[in-house]
Each structure stands twice: as C-alpha cells, then as structure tokens.
2 protein chains.
Amino acid sequence: MDDTEKQPVHKRGYGVSTVYETLRNEIIELKLAPGSPVDEQQLSDRFALSRTPIREALVRLAAEGLITTLTNRTTIVSNIDFLGLGEFFDALTLMYRVTTRLAAANHQASDIGGIRALQLQFQTAVEARDVLGMIATNRDFHVAIAEAGRNRYYTDLFTRLLDQGRRILRLYYSSFNDVLPRQYVGEHEDMIQAIINRDIDGADKLAAAHADQIVSQIRSYITADNRQTARLPL
Amino acid sequence: MDDTEKQPVHKRGYGVSTVYETLRNEIIELKLAPGSPVDEQQLSDRFALSRTPIREALVRLAAEGLITTLTNRTTIVSNIDFLGLGEFFDALTLMYRVTTRLAAANHQASDIGGIRALQLQFQTAVEARDVLGMIATNRDFHVAIAEAGRNRYYTDLFTRLLDQGRRILRLYYSSFNDVLPRQYVGEHEDMIQAIINRDIDGADKLAAAHADQIVSQIRSYITADNRQTARLPL
DNA sequence: TGCCGACTTCGTGTCGACAATAAAAATACA
DNA sequence: TGTATTTTTATTGTCGACACGAAGTCGGCA
C-alpha cells in the first residue's frame, strides 16, 4: 500500500518549507532549548533530506533571528535576550496598539468571524486551563486582528514579536494562575466590540491596556524568577 | 605577485554575504529591474561560485521580500507593489516618528557625532545636486537616528522600509527639483536639535511632518507619472 | 486550419562528496 | 607537572552532477 521506504513525502519544492516550519515551531515551543547546537547532519538524517535543503531552511531561520550561525563553526538556537526585553516590550506594545487601531479602521465584515472563532478557542483553552493552548490561541487571535488591519509590515513584525513572546511565556507557563487569563478573555471581548464599532481610539486604548497587562505579567514572572536565584545561599 | 587565477577572493564563510550584499544593493538601486529574472547559473558564473552559496544568498533575499521565487520555476526581482503603497507609507511614517522619539529619549552623547556627519553628507549631496547621493545619505541619516534610539526591532523594520523607499525614489529621481531637498536639510537640522534637547514630543512632531513631506512628495511623483499614462490617446 | 498531446529544453531542487577550518586531543618539551 | 605545539576529528562551506517539473515546440488529428 505505502510507497516503499524513504520515498520522500514532500513534493519537490517543499522540502525546505517543511524543515523550516517544523524547526520554527520547535524553537518557538522551546522543544529546542535556546543555546542548544543545531547539527546539519543530524537534521539531514531526521528529515531524510540532503544537507542542502536543510541548510536553506537554516538560512531562513537565521534571517528571522531564531538561530545564530557562528561562521565556520556550529550554529545554535538563539538565546532569549533578557537584556533586550525593554526594546521587545516597547515594540510589542506599539504593535498591539497599531494593529488593533487599524483593525477598527480597516476591517471588513468577513474578518470578524475568524476573530470571534479564535477568541472562542482562547476561551476554551482558558476554561480547560490548557496553558500551552492559551499561549498559542492568544497569538493567533491577535494575528487575526492584525490581518484585519491590512498592513503587511505591521502584521509581519507583530507576528515575529508574538512568536518571540511565546518563547518567553513558555519559560514561565508553570506559574500561570487563572485569574489573569479570565481577565484577558474579557479584554479580548472588549477589543472585538471596539473593532466592530470602528471605535479606533477605543480599540487603541484597550490594546494598550491589554499590552501593559501582558508586559507586566511577563515582567513579574521574570523578577519572581530572579528572586529565586537571588535566594541562593552565598 | 597575485595568487594565480580564480583564487576566490572571499574567505571561506563569506561568499554568501558578498553575493547577498551585492545583489541587495543592485536590487535597491534598481540596477536589477523589478520583475527581471534571476538566473542561478548566471550568478554562479558571475561570482565564480557554485550554485549552492548563490542559492543561500537568494533565500536570504527572498526572506526580506526583495526577490520572489516561483517554486520549481524561475525566481524574479520582486515588483514594486504600488497597490500596497498605502500600507508602506503608513508604516514608514510611524517608524519615522517612533525612531526619532526614541532617539530623543535614549541617545547617548557619542551618537550625535555620527548623525551630524551624515547630515553633513546629505547637505553636500543636496548642494552638489547629486540626487542618488541624496537618496542614499538620507537613508543613512535616518538609520543612524534609529540606532541612537536603541530599539533593534524598530531599526530593522525602518531600515527595510527606507531601502524599499530608495527603490521607489529611484524610479522618479529625474523629476527631483531642488526646493524640497533644501527644505529637508532644514528639517533634519531641527530634528537633530530636538534630539539633543531630549525633546521627545518635539522630535515626534518634526519626524511626522518630515514623513508627511516625503510621502506627499513620492505621491505627487506617482500621480504625475500616472497622468502621463492617462494622457495616452485612446 | 485549429486544437490537443508527446517531446524537448531549460532551470531549479536535491544529492553525495570533497575541502577548509576551528575545536579537541595528543604529544613534546621545559 | 604544566604549557606550548602538533595532530586528529568533527562539522561546516563549497562543489559538480543528476533528477524532476514546467514551458515552449513540434507534430498529429479532427
């Protein structure tokens, strides 16, 4: 029945995309630890592909900053840059605001359905206390809003930032309580309503508040984490 | 004296970067026409490199959207997306504002020298009526300001947008008059002053006005161009 | 004469192998 | 015994060649 062994499941031009997307997910979901080495031969075996397409996928990942290649030496999964978190939060907040504003201004009626569906998924994840699901669907929800805003440049940057954020959130997902997520559900509802009403400034304010929530949440996780290390006996 | 023939001038890991940067420049400077095909074998001959490193450079360019690869078919220099110009201008304006704001907030004394130097270069180009030089140095000037703002995410996006803008401006550089450029020199001066004074809101306002200037300038070029085609006998 | 299908051609996607480089290991020496 | 130097080894960067896919070409058929 099945095509005999090693018959590549990918069609001709799609080997690289597969590798790219798979690795991308694994990096964002922290299945590949930051700083861990990425071996080309290993991947070549794993995907049953030559090193050439693997390499091209790695180049793409490097262009997005997800991996770091030390020339002529090993290439590693990029470390999470805790020192640059300030920049990250600043950009993330701005993109939250801009994309939500634009969604209120530019969305079409057909966009709302998709956004609502993702919000529902988020809600479901919250109720099931599925933290990983929450992180993923929250990201999808905001990407959908960004897409309704119809500005490719913002959507691209925002997506990258949100994915970067997923990586950070994963680090702390064990410490999630379930007060905040419920609050997020409400905030999401308000944002949807503002978008539908084409209330641009309202959407902006809600997005800004939402962003501040999330930023301070992540910040508190990090400082809590720091306290752990500070508690070490000396 | 010289190493005998075809000894690759690039050191081992730097072949791809060379190809990447060369092609990138040629695309931005419109030496490679939008829509024109990019042939790997041809480039392979030209750079005296195998197709593999060429390919990796192309993947990088594709990740930035400078080239478009039709899978299993030819790959072409990306077309200038006139329909998406609205999005482009929106993002460009926002980045002008944000980077200038941040420069006023975060710059260090040592940043000012570099910015001043680039402003001087721009001024020189304006006085010499060197339009291509103006376009290039203007870009460098604003990138320097963005770097002084110290937010990698903004700097990256802004750089990409400015380079995209260079491509568009090149299309119309013949129609430059020299009233506007002189005005830009003045606006640049004001921006520098606002940055030095750490006048964040002032810097923001100046940047917004500057962006509006440039956007409406480009817009007028485009509509003028459209009028040309509209004038065709039917 | 106009349309459909096999054939040819050109360029990409993929492969396995080789060369170079830098880290690690092994050796020599003080 | 510790340090400097050579050798080994592992992994990347590059190469030339082959295979597949899509256009364009040519010929057959209605």
Side-chain angles (χ1 to χ4, degrees), chain A residues 3-24 27 32-33 35-79, chain B residues 3-24 27 32-78:
Chain A
D3 319 331
T4 46
E5 29 184 309
K6 292 243 174 179
Q7 210 63 349
V9 232
H10 329 285
K11 271 198 177 159
R12 188 170 164 78
Y14 295 87
V16 276
S17 337
T18 311
V19 176
Y20 167 77
E21 282 160 21
T22 307
L23 289 183
R24 179 189 154 78
I27 292 172
L32 270 61
S36 64
V38 177
D39 187 39
E40 294 177 6
Q41 304 215 61
Q42 213 167 300
L43 293 173
S44 175
D45 295 344
R46 175 176 162 201
F47 288 97
L49 280 170
S50 156
R51 267 180 56 227
T52 312
I54 303 285
R55 225 138 186 296
E56 291 183 6
L58 293 184
V59 170
R60 256 173 92 178
L61 289 169
E64 278 188 59
L66 290 174
I67 63 174
T68 309
T69 65
L70 295 311
T71 352
N72 272 324
R73 230 168 312 166
T74 184
T75 111
I76 59 171
V77 178
S78 293
N79 284 304
Chain B
D3 318 332
T4 46
E5 25 185 313
K6 291 243 175 181
Q7 209 63 353
V9 235
H10 330 287
K11 270 199 176 159
R12 188 169 163 78
Y14 295 87
V16 277
S17 336
T18 311
V19 176
Y20 167 76
E21 282 161 21
T22 306
L23 290 183
R24 179 189 155 78
I27 292 172
L32 270 62
S36 64
V38 178
D39 187 39
E40 295 177 6
Q41 307 211 65
Q42 212 167 300
L43 293 173
S44 176
D45 293 345
R46 176 176 161 201
F47 288 97
L49 281 170
S50 156
R51 268 180 56 227
T52 312
I54 303 285
R55 226 141 186 293
E56 292 183 6
L58 293 184
V59 170
R60 257 172 91 179
L61 289 169
E64 278 187 58
L66 290 173
I67 64 174
T68 309
T69 66
L70 296 310
T71 346
N72 271 326
R73 232 169 310 163
T74 183
T75 112
I76 60 171
V77 177
S78 292

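Everything numeric here is computed off the predicted structure, so don't read it as measured data. Numbered from 1 within each chain, the chains take letters A, B, ... in sequence-line order.
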Over all heavy atoms of both residues, which pair between [X] and [Y] is shortest? Give the atoms and the distance, please.
X        : Y        : answer
Glu56(A) : Val59(B) : O-CG1, 3.7 Å
Val19(B) : Ala57(B) : CG1-CB, 3.7 Å
Ala62(A) : Thr69(A) : CB-CG2, 4.3 Å

Can you tell me the distance, in whole Å, between the [atom1] atom of [X] and the [atom2] atom of [N]?
X        : N       : atom1 : atom2 : result
Ile76(A) : dT12(D) : CD1   : P     : 13 Å
Asp39(B) : dC10(C) : CG    : P     : 12 Å
Leu49(A) : dA19(D) : CG    : C1'   : 15 Å
Gln42(A) : dT12(D) : CD    : C1'   : 14 Å
Leu43(B) : dC15(D) : CG    : P     : 14 Å
Asp45(A) : dC15(C) : CG    : C1'   : 14 Å
Leu70(B) : dA23(D) : CG    : C1'   : 13 Å
Asn72(A) : dA23(C) : CG    : P     : 10 Å

Pairwise distance NZ(Lys11(A)) to CG(Asn72(B)) - rounded to 0.5 angstrom: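 Spacing of NZ (Lys11(A)) from CG (Asn72(B)) equals 10.0 Å.
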Gap between atom OG of Ser78(B) and atom CD1 of Ile27(B) - 0.5 Å precision: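 Going from the CD1 atom of Ile27(B) to the OG atom of Ser78(B) covers 7.5 Å.
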Touch class at under 4.0 angstrom, heavy-atom based, for Val59(B) against every strand present: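 It contacts nothing in the nucleic acid.
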Touch class at under 4.0 angstrom, heavy-atom based, for Arg12(A) against every strand present: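 The answer is base, as Arg12(A) lies within the cut-off (heavy atoms under 4.0 Å) of a base atom.
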Minimum-distance nucleotide (side-chain atoms of Pro53(B) versus dT14(C), dT14(D), dA22(C)):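 The listed nucleotide nearest to Pro53(B)'s side chain is dT14(D).
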Ser50(B), nearest nucleotide to its side chain (from dC15(D), dC15(C), dT12(C)):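 In terms of side-chain proximity for Ser50(B), the closest of dC15(D), dC15(C), dT12(C) is dC15(D).
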5'-most by nearest nucleotide on DNA chain C - Thr71(A) or Glu56(A):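 Comparing both residues, the 5'-ward one is Glu56(A).
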Thr52(B) or Thr75(B), whichever maps to the more 5' nucleotide of DNA chain C: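 The answer here is Thr75(B).
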Contact under 4.0 Å: Arg73(A) side-chain N or O vs dA23(C) OP1/OP2: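 Yes.
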DNA chain D: 5'-proximal contact among Glu40(A) and Arg51(B) (nearest heavy atom):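 Counting from the 5' end, the first nearest nucleotide belongs to Glu40(A).
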